[in-house]
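Positions are given from 1 along the sequence. Every value quoted in this text rests on a predicted model; they were computed, and no experiment measured them.
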Amino acid sequence: MPGGRMTTVAAVDCGTNSIRLLVVRREADGALTELARETRLARLGQGVDATGEFHPDALERANRIFEEYAAIIASHGADRQRFVATSAARDVSNRAVFEANVRERMGIEVDVIPGAEEAYLSTLGVLSGVDAPTPCLVFDIGGGSTELIVVGEGAEIVSAISLDIGAVRMNERFLPGDPPADHEVAAARAYIGEQLDGAGVDFATLASAVGVAGTVTSFAAAELGLQTYVRQAVHETTLTREDITRHLTRWLTQPAFVTAEEPCMHPLRAAVIGAGGLILDEISLRVPDGTVVVSETDILDGIALGLLER
């Protein structure tokens, strides 16, 4: 909006595995300037599938991140901010403790959003950075859930569904071994496949598929051979069936501590990358040519854009 005033917004996306921050300023001429983009792994979903509540260790890891993010936001003087929580926070019995922690450390109320809004914000973010043929499947593999959004012409959301299959949830439910046994992998794959086939998505009609979040970006970084993570390099990387299978096979057949030593791999991600990779692999089996485009713009960007539109 040329001739307008500058506006700074801060968006926080709190998922089952990661907590991310984006601070963006809209300049007077309407241009957007990214001031901060941070990702920290808290693994908030630790044990949630089994116990139905946040583990004290996970809450403590998250609290340290909240304090760090509060300082970053304050340093940029955000006019508006929003803290969005997704799958893990929807499922827990001690949500009030988590919300109080955020309020005390960041001065923000938590928005625990439903799957439909999560799908909308993910799509808004993806389409801000990727031009993909339609119908396009946008999928977001999180720690506790996976969102499948079919986008038609004119960015119309044709369908959207949130499935309770995520990297942390599937790892804890099906893959106790380190590395997992063949029968554990087979059981996880079968369950993931059943969920995808029952999701109501006509995969055969799709023209493209775009994946977001830590699982797909980790596969892209590995495929590119990055020694240090470079967001611009990862964005719009194309993963083939062969690429996905090669890295997934390695990660499923070696201990997590070995995977954690690879470049760009966080230890908390290393523990669940095999489970997330199985979800990616099963999606790849169903989309055209088995190819997936990786997007670095996602729900976090969607949250920020939504704030700027207010």
Side-chain angles (χ1 to χ4, degrees), residues 11-13 15 17-25 31-41 72 121-133 136-143 146-147 151 167 207-251 254 258-274 276-281 283-284 287-305:
V12 178
D13 168 38
N17 206 37
S18 63
I19 303 174
R20 302 180 301 148
L21 168 69
L22 175 61
V23 183
V24 175
R25 182 175 65 224
L32 298 183
T33 301
E34 187 174 302
L35 302 176
R37 187 183 290 264
E38 305 288 342
T39 298
R40 303 288 183 270
L41 269 68
I72 294 172
L121 291 171
S122 291
T123 303
L124 180 63
V126 168
L127 296 181
S128 72
V130 175
D131 184 14
C136 171
L137 175 70
V138 174
F139 64 93
D140 182 342
I141 302 173
T146 294
E147 280 63 55
V151 182
S208 60
V210 179
V212 301
T215 292
V216 293
T217 58
S218 294
F219 272 77
E223 180 58 27
L224 293 169
L226 298 181
Q227 297 302 300
T228 302
Y229 195 86
V230 180
R231 184 171 179 267
Q232 294 83 353
V234 167
H235 186 59
E236 294 192 297
T237 296
T238 297
L239 295 172
T240 66
R241 285 280 312 130
E242 180 182 9
D243 300 334
I244 294 167
T245 300
R246 183 172 64 258
H247 298 296
L248 178 58
T249 299
R250 181 176 76 259
W251 287 331
Q254 65 188 20
V258 176
T259 300
E261 294 173 353
E262 296 186 15
C264 307
M265 184 65 70
H266 190 285
L268 292 179
R269 177 82 63 200
V272 300
I273 190 63
L278 284 171
I279 301 169
L280 172 60
D281 193 50
I283 292 173
S284 173
V287 301
D289 301 323
T291 60
V292 170
V293 175
V294 179
S295 174
E296 270 284 359
T297 56
D298 56 20
I299 187 173
L300 185 62
D301 300 81
I303 298 166
L305 290 170

J.: Only one of Leu305, Val126, Ile303, Leu300 clears side chain to side chain contact (heavy atoms under 4.5 Å, CB included) with Leu121; which?
T.: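 When side chain to side chain contact (heavy atoms under 4.5 Å, CB included) is applied between Leu121 and each of Leu305, Val126, Ile303, Leu300, only Ile303 qualifies.
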J.: Salt bridge or not for Asp289 and Arg241, using N-O below 4.0 Å?
T.: no
J.: Check whether any side-chain heavy atom of Leu280 lies under 4.5 Å from a side-chain heavy atom of Ile141, and answer yes or no.
T.: yes
J.: Are side-chain N/O atoms of Ser284 and Asp281 paired as donor and acceptor at under 3.5 Å?
T.: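 There is no such pair between these side chains.
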J.: Does a donor on one side chain sit under 3.5 Å from an acceptor on the other, for Thr217 and Glu296?
T.: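 Absent: no donor and acceptor within the cut-off.
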J.: Can you sort out the partners of Phe139 under ring pair (Phe, Tyr, Trp, His ring centres under 6.0 Å), two or more places apart, ordered by chain and number?
T.: none
J.: Any chance you could lay out the salt bridge (Lys or Arg N to Asp or Glu O under 4.0 Å) test for Glu262 and Arg250, step after step, and finish with the verdict?
T.: CA-CA 11 Å; Glu262 296 186 15; Arg250 181 176 76 259; 3.0 Å; yes
J.: Between Trp251 and Ser218, what is the shortest heavy-atom contact and its length?
T.: CH2-O, 3.9 Å
J.: Apply the test side chain to side chain contact (heavy atoms under 4.5 Å, CB included) to residues Val294 and Glu236: give CA-CA distance (whole Å), side-chain angles for both, the deciding distance (0.1 Å), then the verdict.
T.: CA-CA 5 Å; Val294 179; Glu236 294 192 297; over 6 Å; no
J.: Are His235 and Ser295 packed together at the side-chain level, in the sense that at least one heavy-atom pair is separated by less than 4.5 angstrom?
T.: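 The answer is yes, as the side chains (C-beta and beyond) meet within the 4.5 Å cut-off.
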J.: Look up atom CG in Asp301 and atom OG in Ser128, then write down how far apart they are to the nearest 0.5 Å.
T.: 5.0 Å
J.: In plain terms, say whether Glu34 and Arg25 are close enough for a salt bridge, that is, a side-chain N and a carboxylate O under 4.0 Å apart.
T.: no
J.: So, for Val210 and Ala132, which heavy atoms are closest and what is the spacing to 0.1 Å?
T.: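 Smallest interatomic distance, heavy atoms only, reads CG2-CB, 3.9 Å.
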J.: Check whether any side-chain heavy atom of Leu137 sits under 4.5 Å from a side-chain heavy atom of Ile283, and report yes or no.
T.: yes
J.: Between Glu223 and His247, is there a side-chain heavy-atom distance shorter than 4.5 Å?
T.: yes
J.: Is the shortest heavy-atom distance from the side chain of Thr215 to the side chain of Ile279 under 4.5 Å?
T.: no
J.: Testing the basics here: between Phe219 and Leu248, what is the closest heavy-atom pair and its distance to 0.1 Å?
T.: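 In this case the closest contact between Phe219 and Leu248 is CE2-N, 3.8 Å.
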J.: Can you check side chain to side chain contact (heavy atoms under 4.5 Å, CB included) on Val234 and Tyr229, steps first, answer last?
T.: CA-CA 8 Å; Val234 167; Tyr229 195 86; 3.5 Å; yes
J.: Could you go step by step and tell me if Ile273 and Thr259 meet the side chain to side chain contact (heavy atoms under 4.5 Å, CB included) rule?
T.: CA-CA 9 Å; Ile273 190 63; Thr259 300; 4.0 Å; yes
J.: Side chains of Val24 and Thr33, heavy atoms from C-beta outward: is any pair under 4.5 Å?
T.: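 Sidechains of Thr33 and Val24: no contact.
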J.: Do Thr297 and Arg231 come close enough that some side-chain heavy atom pair is under 4.5 Å?
T.: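 In short, these two side chains touch, coming nearer than 4.5 Å.
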J.: Side chains of Val12 and Arg20: does their closest heavy-atom pair fall under 4.5 Å?
T.: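 No; the side chains remain at least 4.5 Å from each other.
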J.: For a quick test of reading the model, state the closest non-hydrogen atom pair linking Asp298 to Ala213 and the distance between them.
T.: OD2-N, 4.2 Å
J.: Please evaluate residues Leu41 and Arg269 with respect to the criterion side chain to side chain contact (heavy atoms under 4.5 Å, CB included), reporting the C-alpha separation (whole Å), side-chain torsions for both, the decisive distance (0.1 Å), and the verdict.
T.: CA-CA 8 Å; Leu41 269 68; Arg269 177 82 63 200; 3.7 Å; yes
J.: So, taking the atom named CZ in Arg40 and the one named OG in Ser18, what distance separates them when rounded to the nearest 0.5 Å?
T.: 11.5 Å
J.: Out of Leu124, Thr123, Asp140, Val212, which residue meets the side chain to side chain contact (heavy atoms under 4.5 Å, CB included) rule with Ile299?
T.: Asp140
